[in-house]
Structure formats: C-alpha cells, structure tokens
Amino acid sequence: MTLPIRCPRPTRQAAARAALAAILTVTAVLARAGDTTPAAELARFEAEAGRAGDAAAGQRLFTQRHGGEWSCSSCHGEPPTRAGRHASTGKTIPPLAPAANPDALTERAKVDKWLRRNCGDVLGRACTAAEKADVLAWLTRLR
C-alpha cells in the first residue's frame with residue numbers, strides 16, 4: 001500500500017526569506033553590472049540640455065585645452081578607446097569609450113563624479129548639461 005506524500009506548506013517566514021534572497025541576488029547582479037547605460041546617461045544630459053548631444057563639439061571639448069595645462073585627452077588619451085595615463089600620478093586609466101570598455105559610463109554616481117572633477121580640472125568650472133551631452137555623444141559613437 002502506498003501512502004500519499006504530503007509536502008509541508010511553506011510558512012510565511014520561509015516565503016519571505018526566499019523572496020529576500022531573490023531580491024538580494026538581483027541587487028548584487030545589478031550592482032556589478034552598473035545601474036545605468038552609456039545611452040541612458042547621454043539621454044539624461046540631452047534632456048537636461050534640451051537638445052541632442054553634438055559629437056563634433058564633444059570631441060573638441062575633450063581634445064582641446066581650455067586655458068589650462070590639461071585637456072581631457074591629457075589623461076584619457078586620444079583616442080579614448082585605449083588606456084590612458086593620469087598626467088600627474090602616471091596611474092593607468094581604463095579606456096573611457098564604452099566600445100572599448102563595457103564598464104565605462106555604467107554607474108551614474110561615477111559618471112557624475114567623473115564629470116564634476118574633470119570639468120573642474122580642465123575647464124576650471126562645472127560643465128553645462130549641453131557640454132556633458134556633447135562629450136557623451138562623442139564617446140558613445142567611438143568604435
């Protein structure tokens with residue numbers, strides 16, 4: 001004679017633990033993958049600027065000196081599809097162009113920090129939303 005097998009019903013506590021574990025797993029994957037994309041960052045600055053990014057203007061902004069001793073390309077290289085080298089410390093900097101570095105421009109907080117610091121270093125002021133859109137338009141088009 002065969003007895004029916006009864007599976008115990010999961011408790012609410014067990015279900016909550018399983019749901020929390022799933023959320024933590026997804027969060028960990030997303031944290032490693034970044035919280036944004038280069039295209040989303042470009043769209044964010046284009047929306048703030050009220051216009052599309054101009055890749056040619058972004059290339060000029062990135063490669064020219066603006067009254068100081070550095071340009072963006074002084075550290076990030078020209079083109080930024082290769083690793084650069086920090087002008088003061090000599091530290092290697094990974095490629096900035098997303099085509100050469102899939103992790104580039106994928107964390108909003110890092111994008112904001114990078115732009116704030118580097119605009120200050122190169123321009124001596126904060127970049128406008130239009131300038132940010134221009135640089136990202138150029139960087140996202142590089143292959």
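A quick note: this is a predicted structure, and the numbers were derived from the prediction, not measured.
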Quiz item: Is Leu96 reachable from Leu142 through a run of I, L, V, M, F, W or Y residues, each pair having side-chain heavy atoms under 4.5 Å apart?
Solution: yes
Self-check item: Heavy-atom pair with the smallest gap, counting every atom of Arg108 and Asp35
Solution: N-OD1, 2.9 Å
Practice problem: Kindly give the heavy-atom pair with the smallest separation between Ser71 and Ser73, and that separation in Å. | Solution: OG-OG, 2.8 Å
Quiz item: Looking at CG of Asp112 and CZ of Phe45, how far apart are the two atoms once the value is rounded to the nearest 0.5 Å?
Solution: 5.0 Å
Practice problem: Evaluate the side-chain proximity of Glu48 to Thr128: yes if any heavy-atom separation is below 4.5 Å, no if none is. | Solution: no
Exercise. Could you pull out the closest heavy-atom pair between Ala104 and Pro95, with the gap in Å?
Key: CB-O, 4.1 Å
Quiz item: Looking only at atom types and distance, does a side-chain atom of Arg44 sit under 3.5 Å from a main-chain N or O of Ala40, one as donor and one as acceptor?
Solution: no
Practice problem: State, without any angle test, whether Glu41 and Thr36 hold a side-chain donor-acceptor pair at a distance under 3.5 Å. | Solution: yes
Quiz item: What's the spacing between Leu105 CG and Leu115 CG if we round to 0.5 Å?
Solution: 8.0 Å
Self-check item: Partner of His76 by ring-ring contact (aromatic ring centres under 6.0 Å, His included), out of Trp70, Trp138, Trp114
Solution: Trp114
Self-check item: Whether Glu46 side chain and Ala133 backbone form a donor-acceptor pair below 3.5 Å
Solution: no
Quiz item: Are Arg51 and Asp134 close enough for a salt bridge, meaning some N to O gap below 4.0 Å?
Solution: yes
Practice problem: Can you measure from SG (Cys75) to CG (Asp121) and round to the nearest 0.5 angstrom? | Solution: 8.0 Å
Exercise. Identify the two heavy atoms, one from Leu136 and one from Leu42, that lie closest to each other, and give their separation to 0.1 Å.
Key: CD2-N, 3.8 Å
Self-check item: Taking every non-hydrogen atom, the tightest pair across Glu131 and Leu123
Solution: OE1-CD1, 4.1 Å
Quiz item: Could you give the distance from CD (Gln59) to CD (Glu78), rounded to the nearest 0.5 Å?
Solution: 6.0 Å
Quiz prompt | Residue pair Thr63 / Cys72, side-chain heavy-atom distance below 4.5 Å | solution = no
Self-check item: Non-hydrogen side-chain atoms of Leu139 and Pro80 separated by less than 4.5 Å
Solution: yes
Quiz item: Minimum heavy-atom separation for Ser74 to Glu69, with atom names?
Solution: OG-O, 4.4 Å
Quiz item: What distance separates His66 NE2 from Arg125 CZ, expressed to the nearest 0.5 Å?
Solution: 8.5 Å
